[in-house]
Trainee: 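Take a look at this one; I'll ask things after.
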Amino acid sequence: MISSQPTTPSDAGLEAVILDYNGVIGRQPGPAQWTRLAELAGWRPHETHAFQQAFWHRRELYDQGVTETQAFWNGLLRSGRTAPVGSTLLAALGHADTNMWTATDPAVLDLLHTAHATGLRLVLLSNAPKPLANTLDDAEWCATLFSQTVYSARIGVNKPHKRAYEAALKAAGMPDPSKTLFVDDRLDNVEAAEQLGLQALHYTGDPASLARRLPRPPTVTHTAAALTTSA
């Protein structure tokens, strides 16, 4: 007999799940998006790879909230371009950059909605600058799924620094780290979480690997089992 009562996080062995955004929930931007951003910054199309290298070289301090938006972009501009505060170019660069990171994976969101329905607490922990953090918080999926969000630019430190995980655990209500799952696409972030006693999943793009670690209501479990049996 299948119980009609939903499972609880304790039934699944988890008290909370802390998830990275980009590379887990968010999809990586494509070549055309990178080329458009590079061209806005004054780089030629064949220089897109070099632009990406310069972008990531400067991004850590921007994600950390140390570098302000204008300073981040002005350090990347070529071809005599400038982007003072309030300029059309600065706004266009910020808009293009933020849009690059807002496409989400519907399969992952479906899994999170299912886990959320069990009462499991979900917390977002992302290395992200303030403009992207604000945009993500305004997204319907984020407001629905996540009790709290933690962004590097708001706490002044990036993963894999210990303080980032501590902030996420605090946001989750201080669950037992051994009953908290951390999910990230970067191995160094995963290893840092494991060193603090968290369960961890190095996510490589396979939603099934995440599904195996998340609780599901009995009806969902029963349906999935029935589909497997009939296949």
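Reckoned from all heavy atoms, side chains included, excluding hydrogens, waters and symmetry mates. FYI, the numbering just counts along the sequence from 1.
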Trainee: With sequence neighbours left out, write down each residue that passes ring pair (Phe, Tyr, Trp, His ring centres under 6.0 Å) with Trp73, or none if nothing qualifies.
Mentor: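 Testing Trp73 for ring pair (Phe, Tyr, Trp, His ring centres under 6.0 Å), a comparison that skips the adjacent residues, returns none.
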Trainee: Running the 4.5 Å side-chain criterion over Ile, Leu, Val, Met, Phe, Trp and Tyr, what cluster does Leu61 land in, apart from itself?
Mentor: Val66
Trainee: Given a cutoff of under 4.5 Å between side-chain heavy atoms of I, L, V, M, F, W and Y, with clusters grown through shared members, what are the other residues clustered with Leu187?
Mentor: none
Trainee: Does NE2 in His113 sit with more than 12 non-hydrogen atoms of other residues, nucleotides or ligands closer than 6.0 Å?
Mentor: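 Enclosed: over 12 neighbouring heavy atoms sit under 6.0 Å from NE2 of His113.
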Trainee: Output all residues satisfying side chain to side chain contact (heavy atoms under 4.5 Å, CB included) with Gln199, sequence neighbours left out; order by chain, then residue number.
Mentor: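 Applying side chain to side chain contact (heavy atoms under 4.5 Å, CB included) to Gln199 gives Leu14, Leu181, Arg213.
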Trainee: Sequence neighbours left out, what passes salt bridge (Lys or Arg N to Asp or Glu O under 4.0 Å) with Arg36? Give chain and number order.
Mentor: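 Arg36: no salt bridge (Lys or Arg N to Asp or Glu O under 4.0 Å) contacts found.
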Trainee: Working note: Phe55 + Leu76, criterion side-chain contact (heavy atoms from CB on, under 4.5 Å); need CA distance, chi angles, decisive distance, verdict.
Mentor: CA-CA 7 Å; Phe55 178 97; Leu76 287 169; 4.2 Å; yes
Trainee: Determine which pairs satisfy salt bridge (Lys or Arg N to Asp or Glu O under 4.0 Å) with at least one residue from residues 46-63, sequence neighbours left out, and list them in order.
Mentor: Glu47-Arg78, Arg59-Asp63, Arg59-Asp97
Trainee: In chain order, what residues pass the side chain to side chain contact (heavy atoms under 4.5 Å, CB included) check against Asn134, with sequence neighbours excluded?
Mentor: Arg154
Trainee: Tell me if the CD atom of Glu68 is crowded by more than 12 foreign heavy atoms within 6.0 Å.
Mentor: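 No, CD of Glu68 has 12 or fewer neighbouring heavy atoms, counting only those of other groups under 6.0 Å.
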Trainee: Does Phe182 have its ring centroid less than 6.0 Å away from the ring centroid of Tyr203?
Mentor: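 No, the ring centres sit 6.0 Å or more apart.
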Trainee: Please check if atom CD in Gln53 has more than 12 non-hydrogen atoms from other residues, nucleotides or ligands closer than 6.0 Å.
Mentor: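 Yes, enclosed.
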Trainee: Not counting sequence neighbours, which residues clear ring pair (Phe, Tyr, Trp, His ring centres under 6.0 Å) with Tyr151? List them please.
Mentor: none
Trainee: When you measure from the side chain of Thr118 to the backbone N and O of Thr114, does any donor-acceptor pair fall under 3.5 Å?
Mentor: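 Judged by distance alone, no pair lies under 3.5 Å.
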Trainee: Judged by atom type as modelled, is there a donor-acceptor pair below 3.5 Å linking the side chain of Asn74 to the main-chain atoms of Ala83?
Mentor: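 Such a contact is found between Asn74 side chain and Ala83 backbone.
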Trainee: Between Ile25 and Leu124, does the side-chain contact (heavy atoms from CB on, under 4.5 Å) criterion hold? Intermediate values first, please.
Mentor: CA-CA 10 Å; Ile25 299 170; Leu124 189 67; 3.9 Å; yes
Trainee: Could you name each residue pair satisfying side chain to side chain donor-acceptor pair (under 3.5 Å) that touches residues 172-190, not counting sequence neighbours?
Mentor: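 As it turns out, the side chain to side chain donor-acceptor pair (under 3.5 Å) pairs with a partner in residues 172-190, which skip direct neighbours, are Lys159-Asp184, Asp176-Ser178, Asp184-Asn189, Arg186-Asp188.
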Trainee: For the CG atom of Leu37 and the CD atom of Gln52, what is their distance to the nearest 0.5 Å?
Mentor: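 Leu37 CG to Gln52 CD: 9.5 Å, rounded to 0.5 Å.
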Trainee: Run the side chain to side chain contact (heavy atoms under 4.5 Å, CB included) test against Ala139 and tell me which residues pass, sequence neighbours left out.
Mentor: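 By the side chain to side chain contact (heavy atoms under 4.5 Å, CB included) rule, Ala139 matches Trp141, Cys142.
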Trainee: The criterion is side chain to side chain contact (heavy atoms under 4.5 Å, CB included); which residues satisfy it with Ala107, sequence neighbours excluded?
Mentor: Asp105, Pro207
Trainee: So, does Arg27 use its side chain to make a donor-acceptor pair with the main chain of Ala103 at under 3.5 Å?
Mentor: no
Trainee: In chain order, what residues pass the salt bridge (Lys or Arg N to Asp or Glu O under 4.0 Å) check against Lys162, with sequence neighbours excluded?
Mentor: Glu166
